[in-house]
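For reference, the structure is listed below as structure tokens.
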Amino acid sequence: MNNDKFYKLNNFLKENFKKKIYKVSLDGGFTCPNRDGKISNKGCLFCSDRGSGEFAGDRCKTITAQIDEQIDFMKDKIGSSKVIAYFQNFTNTYGDVEYLRKIYYEALNHEKVIGIAIATRPDCLSDDVINLLDEINRKYFLWVELGLQTANDSIGKIINRGYDTKVYIDSCKILNEKNIKFVTHMIVGLPNEEKKDLYDTVDLINNVKSWGIKIHLLYILKNSKLLSYYQQNPFKIYEKDEYENTVIELLERLSPKVVVHRLTGDAKKDELFEPLWSLNKRGILNSIEKKLKSSKSYQGKFFNEKEAIK
Ligand code: SF4
């Protein structure tokens, strides 16, 4: 963890690749079974038109073109560094396995790419998909991202997640058996959520041995289903200070081995309804780090491995 108060992804990447690694976000042209009618056609309550990937590339372009374009956009920053190709929006394992193979390898064959990250749902990991991921994982750097959001199934129903927490637990077992790294997404601020739900979610993430975590702040976009829901069923919107303190509590419960990929949300300014303070992402992260230092706190402060369910 160096002098840092939590185990940052950048540190993991520097330890393993000896230099800074960047990420490029791609659109693989997928949809999602929770949107196309297979499970539901409503999608998760918080999902945007772009399948929760507002900053990904343009799906009309090839994977190579999307990577080139994003590298070109960041060229002053990236220099000679390498990138991880991140298949971000919608469900990036929801397709014919030969199509998946084609686009994953197209990314991996790009000269600047040192590995891939694949965001998906835990109910979209068929045997064929797992075999393909296993094959890639033996040769390249890979991680998979799973959108758990909450360990509480009744909140899962409110947000129309479309699967039970047990499905997530079972998928984690399979990924662990194959030594495939996975990152779990959780959201702070969901309707009906209590502190205990957040604690339970972090405890579950520890117990399933998730390699990484993304903690998101729930934000409400204009013209979204979530905004209509909020107007009919108002729920608590976090204040900045309260959100930061909650994130610190979650980090304190989190195993020190879990790599932290994200600690807040990332909405586009002109699309955001609330909370508007979330636009200052750098300010939130700085404030969390400052509070951790001043309170002499750190990731894993209250984590007890012995108490974790084996
Ligand atoms: S699983 Fe992802 S893409 Fe599908 S509806 Fe939920 S947030 Fe959107």
Side-chain angles (χ1 to χ4, degrees), residues 25-59 66 86-96 99-100 103 116-126 129 133 143-172 175 182-193 201 204-205 210 212-230 261-262 264-268 271-273 278:
S25 296
L26 309 177
D27 186 326
F30 295 95
T31 178
C32 169
N34 205 20
R35 299 176 62 120
D36 72 359
K38 186 170 178 201
I39 295 173
S40 124
N41 48 27
K42 291 195 213 132
C44 299
L45 189 57
F46 54 84
C47 188
S48 68
D49 292 346
R50 292 208 62 197
S52 296
E54 320 317 309
F55 300 96
D58 177 352
R59 61 169 46 206
Q66 290 183 48
Y86 175 35
F87 290 89
Q88 183 179 22
N89 43 355
F90 297 97
T91 302
N92 294 277
T93 57
Y94 186 50
D96 182 79
Y99 174 71
L100 303 181
I103 61 166
I116 58 173
I118 300 169
T120 189
R121 297 168 54 87
D123 57 357
C124 287
L125 292 170
S126 65
V129 169
L133 296 177
W143 78 69
V144 171
E145 301 199 4
L146 301 176
L148 171 67
Q149 324 310 357
T150 176
N152 182 327
D153 276 334
S154 62
I155 298 176
K157 286 206 169 57
I158 295 173
I159 61 171
N160 195 43
R161 186 178 62 180
Y163 67 84
D164 292 338
T165 299
K166 179 160 188 319
V167 175
Y168 162 78
I169 295 170
D170 292 344
S171 297
C172 296
L175 291 167
F182 61 94
V183 176
T184 305
H185 291 232
M186 69 175 287
I187 299 180
V188 174
L190 292 170
N192 283 20
E193 171 191 283
T201 304
L204 179 61
I205 289 170
S210 188
I213 189 170
K214 283 190 174 177
I215 301 178
H216 300 262
L217 162 70
L218 183 72
Y219 53 77
I220 305 174
L221 299 177
K222 294 172 190 165
N223 302 318
S224 66
K225 286 190 299 285
L226 183 57
L227 177 56
S228 316
Y229 179 90
Y230 173 73
H261 289 232
R262 174 181 278 275
T264 185
D266 210 1
K268 283 191 171 167
E271 294 173 7
L272 184 63
F273 172 71
S278 68

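Values below: all heavy atoms of this structure, side chains included; hydrogens, waters and symmetry mates excluded. Ligands are counted one by one from 1 in listed order, and the atoms in each one are counted from 1 as well.
Of all the atoms in ligand 1, the ones that sit under 4.0 Å from a non-hydrogen atom of C32 are 1 (S), 3 (S), 4 (Fe), 5 (S). Less than 4.0 angstrom separates some heavy atom of F46 from each of these atoms of ligand 1: 7 (S). Heavy-atom proximity to G43, at under 4.0 Å, picks out these atoms of ligand 1: 5 (S). Taking every non-hydrogen atom of R121 and a distance limit under 4.0 Å, the qualifying atoms of ligand 1 come out as 1 (S).
Taking the six-membered ring for Trp, F30 and Y99 have ring centres closer than 6.0 Å.
When S40, P33, C124, C44 are ranked by how near their heavy atoms come to atom 5 (S) of ligand 1, first place goes to C44.
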> Does the pair K157 and D153 meet the rule for a salt bridge (Lys or Arg N to Asp or Glu O under 4.0 Å), with working shown?
Replying inline: CA-CA 6 Å; K157 286 206 169 57; D153 276 334; 6.0 Å; no
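Summarising the geometry of I155 relative to E193, their closest heavy-atom pair is CD1-CA, 3.7 Å, with the distance given to 0.1 Å. Shortest non-hydrogen contact noted between Y163 and L148 is OH-CA, 3.3 Å.
There is no side-chain donor-acceptor pair under 3.5 Å between Y168 and D123.
Contact annotation for R35 and ligand 1: only side-chain heavy atoms (C-beta onward) come within less than 4.0 Å of the ligand.
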